[in-house]
Structures are given as structure tokens and as C-alpha cells.
Trainee: 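Supplied in C-alpha cells, the structure appears directly below.
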Protein chains: 2
Amino acid sequence: MANSRSIHGIPPDHATFAAWPPCRFRHDKPPMVAFGRTHPYRRRTSVVDDWNATTLGRFTSTRRQVDWIAQNPASCDHAWPQVSSPYRRQSSDMSTLRYDVTTNDWVIVAPSRARRPIEQPLRNTVSPKTAVQSCPFCPGNERMTPPEIDAVRPGSNLNADDWRVRVIPNLFPALQIEENPDSRTESSSFFRYRGGCGAHEVFIESPHHELALGDQPPDQIVLLFQMLQRRYNDLLRDPRFQAILIFKNHGEWAGTSMHHPHCQLIATPVVPRQSRQKFTIAEEYYDRTGVGLYSRLLEEELNEQTRVLAVNEGFAAVLPYASHVPFETWILPRTQQSSFGSVPSSQLPALAEILKRALRAIHAGLDNPSFNMTIDTAPRGDESKPWFLWHIQILPRLTRRSGFELGSGMPINTVLPEDAASFLRDVDRANAIGD
Amino acid sequence: MANSRSIHGIPPDHATFAAWPPCRFRHDKPPMVAFGRTHPYRRRTSVVDDWNATTLGRFTSTRRQVDWIAQNPASCDHAWPQVSSPYRRQSSDMSTLRYDVTTNDWVIVAPSRARRPIEQPLRNTVSPKTAVQSCPFCPGNERMTPPEIDAVRPGSNLNADDWRVRVIPNLFPALQIEENPDSRTESSSFFRYRGGCGAHEVFIESPHHELALGDQPPDQIVLLFQMLQRRYNDLLRDPRFQAILIFKNHGEWAGTSMHHPHCQLIATPVVPRQSRQKFTIAEEYYDRTGVGLYSRLLEEELNEQTRVLAVNEGFAAVLPYASHVPFETWILPRTQQSSFGSVPSSQLPALAEILKRALRAIHAGLDNPSFNMTIDTAPRGDESKPWFLWHIQILPRLTRRSGFELGSGMPINTVLPEDAASFLRDVDRANAIGD
């Protein structure tokens, strides 16, 4: 019962610590783990994800916790937890996957994620100089992160400050490399689970603390794509991983906890049901028609033009006919590419160019909204199937899902994609004139 | 092009107005529709769903709009739009369903929903007296809403102020009764859509502006359930509706726009893919095992006890093994009931009792969090199938979905349901002592 005891504030039982298993892959390096249980991290008052802290007994509500922090500023002037036990991890930190028999989804249960610190909104409360000093993603602060997995830099010193793109393990991972991926059942045999085996990496997109992805020079975005491809292809070699999702959270509404521009990658031991379903639908369409569903979709969108934001020699940015959220924007390749891992390096500049245009139009037109970005790509073993096109989805977080959408799964979109595309095209033209 | 013209601020073309079609059902009464396009409604600064207003040209960003409102208070001192054209509706207000060929989802595209007004958070900025005076859901303000569909009241005067539960059409409906539900294709034949035919009703749960659902007396909750059943069964008689979702949005994070306690119902012309999928999974389990999936799930949860919050003679409240979000709570019947519409009226007091206990524990334990509540029930024609149990899902909105969850569909839950259940049981016991 170490798990529930520690959550309720009783000191963790050291006898339950598991030694780190031997490394096997490069990304397998042990991240440093901190026991942040007693740190009253600064948090936004609106984010009530610190239920663990709430149940410590010291705080009975988030509001009281915030008041307490205001009265005790010295107790929490670190935005990042102390690194105390780099090679140990508590058993209750381990993630598991639980199988939902009613939906066939695997749910990641990751109690340790509830303890991750969340930066104060930097723009209003902290001077830029202080922000850079305390930001673990800024150059010079490499010691504040776990040892790096990979980096682009002119020199050869690991963890030096001369990098241009840097990859580190997530300090509060949703999945861990050392977990056993096999499926098991609870004592009752009705409830199934498996170890939360996976990888969770953070890509620091640039040394600049304030430079959003769309504002970076094209060659910097190319470096990022090269690094994403390198890590993606490296992780695919591990037979335990069935799917890899690359994603980005920008802004408070998109669930980010750090301001410094970064994106992430999670490798999962199962193909998520949603990805499998999209892939199967495309396969069935191909069987029926002999045509790729996504190629056909792109062709129709390019014919109609009304929902096209931008096109260049390799890629197109469109707002799909059945967009789930306002201003949803997809970037698709114009040639057959099922996997993000197989985009020819000669095409990365065109990809960077069109992504930059789309992000700048959304940023300028919608006043720097929160957004999520994901890369949807073929699962392991299906990378060369002709019925899929990998694509980027940009999902601005402008509205909240209500009970109807949660209960039915039917999205309600309040902006016609044709109007959204027309608006973004105007902004894109204005951006081009301004350059 | 009336649609895009009006959105861009040019006065709507009156020639495009469609007269209201003849009524057929009781719920078919024409709701009064307002053209709120020129009203700079008060909004929370964090809700950027007023893109239509943004593109009017007067405002180039939400922040500027809020500043403008602060400087021009007289221009927007009504929280509810003027009712000007009760029997007309503009063609661009019409919702459509668009088919997503990549996921098999139907997406509701409802531009008129972007114009609904959102109350200021009442607690801080408006005195209780003012709140009640301007609240269209409070007794005495019945003229501020469309004519009622149904009500529980001692007297017999429609739209009088002596009601205890009141049902009205949603003024900004996601779906409308007058739309043609048939499937059609755009000119290209690749993109499919159908009219946004449906019903969207609002249930005002109580005359009391401040009384949350869990704080209402049990007999008031029974009245609400009776009314929900009555409307549910009435709408099921309309062959155009394939599924009916009852849901509640409580609090800002759950997407509510009105403070006065209310829940809603949307009838859809298709069975949403998510509902169909859950039903099919249960059917396959029944075919394979001869046992109902949800009955088995409930039996296992009651055996294990660790995730059970409360049980009474008719129902059980449990936090499911594979909860998708922290503190997710389900209420299931302990006898075979596939449809919410067929719960015997003798069991409604037990249902009200257990719902009240669950909501009070969540309210007190988590400091009145935002939450959504949905009723998951068998689709039309499957109401007597033995493999499903209708159930209530309570989904506290404590965390935000990140790019990983959006891109993969795999939920990340940061609180073990066993810990959440143990915590809520403690609160439930304390509540019982306090009574």
C-alpha cells in the first residue's frame, strides 16, 4: 500500500524503491527524478490538477494553497523541483495502461503527472531576465534538466550550452521505458492492465525563450524537423513501441506547463484506438476504390480552393470540410508519403515554409491563440502502405467542449471552415506584404 | 453569398430569410430568434468564441473588444439579446451536419452558436438582486425566453411564474427541428452533408438562481427526472430522431454560458459514432458471453468495493476502473434497464438520492469544480436490448486535454480511481454526519 500511503502524505517507504533497470537504448538513459511531494509548486489558480497536494492536509482547497503561497513566497521560489534522487524512482510514480472494456480504449493512468510544476504566466509577473534565469529549457541551464538524449550543436560536448535544438526526457513522463509492456489482469480477471512502457521526450525548439515556432527562421524549423525524424526513426527500431505521436501544446488553454517553445514525442506500446480506426477507414476506402482516401481528399480540396490556405511545391495547408474545431488546419504532402519518418530531407524546407505560414496566419489573425499541433502518421509496420498520407493537424483551442460533445463524441464547430480559410488567407497575404 | 457577407458585417439580405415551416410536434413551436450580430455581448475575456464579432472590423482582437466594452458600458448592458424577429430565421443561422470521411464522424457546423451571449461571472461583479433581475431563467422573467415547451406547475397558465421545473427551446440551438435530415452531397460528390435537423431544449432545474443541482431537495430532483423522461419519451416518437443526449454543463470550464442551474437535451438525426460504438461493443460481449457487459462491470466493481462511492436499493455510484478523467463517476441501475426512458417512476427517488450524494461529495471535496454530466442510453429501437445499462457519467473538468490526448484519443488520467473513490467516500461520510 505504499502507493496510497505516500499520496496521503506519509513519507514514502524506501523499501519499495526499484533500482533503475539496465540501459538498452540511447533514450533509455535514466532521467533524474525528483520527489516533489512536499513542494508547494506555484500554479495557476485555474488549474486544479494538484489534487495530491490538496490531500496532503496542509491545503484543503486550491484557493487556500494559493493564499498560502502568497504568504510564504520563500518556500516556493523555484519553478522546477530539486533534483535529489537521479537514479531512483518510486513505485507509485509508475504509469499503467488500463483497458476500458466499454470503449476498447487504453487509458494511461499516470499519478506522477499530477505533480509536475506549472510556470506562472511569465509575461505579466516575471521579468524576462528572471524568466530566462529560471527556465530549464534556456541555454546555460542545461544542469536543470535530465541529461540530454540528442542535440544539434556545432561542438561535441554533451549538455553544453551551444545547442540549436535539444532533446531531453520528460521529467514527469506519461510512460516510462522500464515498464513491462505485457498485458496482465487484476485478480478478478475482468479488469486488464499493462505496464506504462513507452518513451516521453521533449524537443526544445530553439535557444530563444520568447520565439514562437512560427517566428523562427525557416532553417531553424528544418533543424527541428530533422531532429524529430531522427528520434522518430530511432524509437521505431524498438519493437516494444507500436505507435509514436509527435505533438505540441502552445499556450495555457492547450495544456502546456512551460513557456519556452518546445514540442514532445510519446511512444506507446499499443496503437491508440483512434489512430487504428483512421488507418482502417483509409484502408477500406482504398480496397473499395483503389484510391488513397487522403490523396482524394487533398485533390478535392485543391479543386474546390475555398478551404485552401496555402500551397507550395511539396505541401498544402487546408482547413478540412468537416473540421472538428474552428480554424482547424491540416498540412498534407502532395506526393504519396504514409509516414512522417520517410519525408525526404530535400522536402523539409518546403514543409518548414508552409508550417511557418500557417502558424503565422493563426498567430496574427487570432491574437496568439492557444493551440495544439499533432503529427498523424502510419503505425509501425504500415509505413509504406499506399492508402494513408501522414499529416500535421493544428487545432486552435478557442472553444471548450461541452457535455454534448463529451457524451456523444459529435463535435460542434461554430465557424464554417470556408470563412475561416478566407480569413486566414487575408492574414497570410498581409503577412507576406509585411515581410 | 448572404452567409459570408453577413458574417463580414454587411447587413443581412432580407430576401434570403426563410419563413418558419408549419409546426408538427409540440416541441416544434417556433423559438424566438434574435439577430445579435451587432450586439457586443459581454463575454469572459478567456472565451474567444466570438470570432464573428472579431471579424466585424470594429474589433480586431478579443482583448480590444473587452476594452471597448469597458469604455462603452451603455452599449451592452443587456445580457440577453433583444427579441426582434420571433418567426424568422436567417438562412446562415442554419446548422448542418458534415461527414468526416477520415473518422466516420458527423460534425455539427453551427455558426449561430458563436453568437450566444455569455453571462459575466455573477458572483464577483453583479449583486444577487441584479443577477436575478437579468436572468432569463428566474421566475418572473419568463417573457425573456422563447415560449415554454413544458413545465411542472400547480396552476395551468402557460409561461406563468409559478413553475417548479420549466422546459424551453435553446435560443441558440445546435440543431433545428425544421431542417431536412436527409443526406446530400456537395457538388463534388465527395463531401457529404445533411440538414441539422434535431431538437435542442433547456431544462431549468429549479426556480432558485443559486441552488446547485446537488443542493436541491430530493423531491425537486425527482421532478426534474420526471420531466426529462417525459421530454425524452415524447421526442423518441419523432421518427427523424435517432438518438437523444441529456447533458449538463456546470461551471465555466464545462462550457456553460448561464449560471442559473439548468441541463439540456439534444436529439440528433443520426446515432453518434461514439454511442453506436459503445453499444456495439456491449452487443458483441453479450453474443460472446451471454452476459451484459455493464451488468458484469457493475458486479465486478461491487465485488471489489475499492472504487464504489455509494449504493442504495436501486442504483450504485462507482468510479470506473479505467476512468478517463480524474474523479469520473458513473451512476448505474442495479437491475436491467437499457433506456433512461424506461426507469420505473418508483425508482426515481432512489436515483435522485444517489445523484445528490455523488454531486455533493464532488462539490464539497473538490471545491465546487466545473463538471459535465451526461446520460448514456440505448439508441432508438434498441431500448429493450438486454446488453446495455443506461448510466449517468459525471466528468469533473479538472485538467485540460493536451496534444497527445487530442492526437491519439488516449486519455491520461493523473488520479487513480481507487484514491479518488476513497477520498469521495470520506467526504460523503462527512456530508452524512453534517445532515
Trainee: Please determine, among P411(B), P417(B), A174(B), the option with the most heavy-atom pairs under 4.5 Å with chain A.
Mentor: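 Highest number of pairs under 4.5 Å: P411(B).
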Trainee: Within a strict 4.5 Å, meaning less than it, do heavy atoms of the F404(A) and H200(B) side chains meet?
Mentor: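 Side chain of F404(A) against side chain of H200(B), heavy atoms only: no contact under 4.5 Å found.
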Trainee: At what distance, to the nearest 0.5 angstrom, does CG of L293(B) lie from CZ of F190(A)?
Mentor: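 L293(B) CG to F190(A) CZ: 5.0 Å, rounded to 0.5 Å.
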Trainee: Hey, does the side chain of N249(A) reach the backbone of G403(B) with a donor-acceptor pair shorter than 3.5 angstrom?
Mentor: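 Judged by distance alone, yes, a pair lies under 3.5 Å.
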Trainee: For the CG atom of L97(A) and the CD1 atom of I412(B), what is their distance to the nearest 0.5 Å?
Mentor: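 Here the interatomic distance stands at 10.0 Å.
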Trainee: Side chain, backbone, both or neither: which part of Y193(A) has a non-hydrogen atom closer than 4.5 Å to chain B?
Mentor: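 Both the backbone and the side chain of Y193(A) come within 4.5 Å of chain B.
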Trainee: Looking at chain B, which one of V107(A), D376(A), I266(A) has the largest number of heavy-atom pairs inside 4.5 Å, strictly under?
Mentor: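 Between V107(A), D376(A), I266(A), the count favours V107(A).
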Trainee: Is it the side chain or the backbone of L406(B) that comes within 4.5 Å of chain A heavy atoms, both, or neither?
Mentor: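 The answer is both parts of L406(B).
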Trainee: Counting only heavy atoms closer than 4.5 Å, note whether P326(A) contacts chain B via side chain, backbone, both or neither.
Mentor: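 For P326(A), neither part sits under 4.5 Å from chain B.
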Trainee: By a 4.5 Å heavy-atom criterion (distance strictly below it), what part of A282(A) contacts chain B: side chain, backbone, both, or neither?
Mentor: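 Neither; nothing under 4.5 Å.
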Trainee: Nearest 0.5 Å, please: how far is CZ in R401(A) from CZ in R401(B)?
Mentor: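 Here the interatomic distance stands at 3.5 Å.
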Trainee: Need one label for Y294(A): side chain, backbone, both or neither, based on atoms under 4.5 Å from any heavy atom in chain B.
Mentor: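 Y294(A) touches chain B through side-chain heavy atoms alone.
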Trainee: Measuring heavy-atom distances to chain B, does T374(A) have an atom under 4.5 Å in its side chain, in its backbone, in both, or in neither?
Mentor: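 Side chain of T374(A) only, per the 4.5 Å heavy-atom cut-off to chain B.
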Trainee: With chain A, which of K248(B), H324(B), M373(B), R273(B) has the greatest number of heavy-atom pairs at distances under 4.5 Å?
Mentor: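 Counting heavy-atom pairs under 4.5 Å, the top option is H324(B).
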Trainee: Can any side-chain N or O of R98(A) pair as donor or acceptor with the backbone N or O of Y321(B) at less than 3.5 Å?
Mentor: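 Looks like yes, one N/O pair under 3.5 Å.
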Trainee: Could you tell me which non-hydrogen atom of E304(B) sits nearest to which non-hydrogen atom of F191(A), and how far apart they are?
Mentor: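 Distance-wise, the nearest heavy atoms are OE2-CD1, 3.6 Å.
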Trainee: Looking only at heavy atoms and a cut-off of under 4.5 Å, which of P396(B), G409(B), S402(B), S408(B) has the most pairs with chain A?
Mentor: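 Result: the option with the highest number of such pairs is S408(B).
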Trainee: Under a 4.5 Å cutoff for heavy-atom pairs, which residue among Q393(B), R276(B), Q264(B), R192(B) has the most contacts with chain A?
Mentor: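 Of Q393(B), R276(B), Q264(B), R192(B), R192(B) has the most heavy-atom pairs under 4.5 Å with chain A.
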Trainee: Counting only non-hydrogen atoms closer than 4.5 Å, does L245(A) touch chain B with its backbone (N, CA, C, O), its side chain (CB onward), both, or neither?
Mentor: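 Just the side chain, heavy atoms under 4.5 Å.
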Trainee: Sort D100(A) into side chain, backbone, both or neither according to what part of it lies under 4.5 angstrom from a heavy atom of chain B.
Mentor: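 Both parts, backbone and side chain.
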Trainee: So if I apply the side chain to side chain contact (heavy atoms under 4.5 Å, CB included) rule between I281(B) and each of T102(A), V101(A), N104(A), which one comes out positive?
Mentor: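 Filter result, single survivor: N104(A).
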Trainee: To the nearest 0.5 Å, what is the distance between CG (N413(A)) and OG1 (T96(B))?
Mentor: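 It is 9.5 Å, given to the nearest 0.5 Å.
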Trainee: Which residues pass the side-chain contact (heavy atoms from CB on, under 4.5 Å) test with P320(A), not counting sequence neighbours?
Mentor: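 If we apply the side-chain contact (heavy atoms from CB on, under 4.5 Å) test to P320(A), skipping adjacent residues, the hits are S323(A), E328(A), W330(A).
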Trainee: Could you name each residue pair satisfying salt bridge (Lys or Arg N to Asp or Glu O under 4.0 Å) that touches residues 405-417 of chain B, not counting sequence neighbours?
Mentor: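 Listed by first then second residue: nothing to list.
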Trainee: Could you report the tightest heavy-atom contact between P272(B) and M410(A), atom names first, then the distance?
Mentor: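 Residues P272(B) and M410(A), closest heavy atoms: CG-SD, 3.8 Å.
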Trainee: Short question: side chain of Q277(A), backbone of T103(B) - any donor-acceptor pair under 3.5 Å?
Mentor: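 Not at all, since once roles are kept as given, no pair shorter than 3.5 Å links the two residues.
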Trainee: Relative to chain B, which segment of L297(A) carries a heavy atom at a distance below 4.5 Å: side chain, backbone, both, or neither?
Mentor: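 When you check distances to chain B, atoms from both the backbone and side chain of L297(A) fall under 4.5 Å.
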Trainee: Quick check on V270(A) against chain B: is it the side chain, the backbone, both or neither that has a heavy atom closer than 4.5 Å?
Mentor: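 For V270(A), the side chain is the part near chain B, not the backbone.
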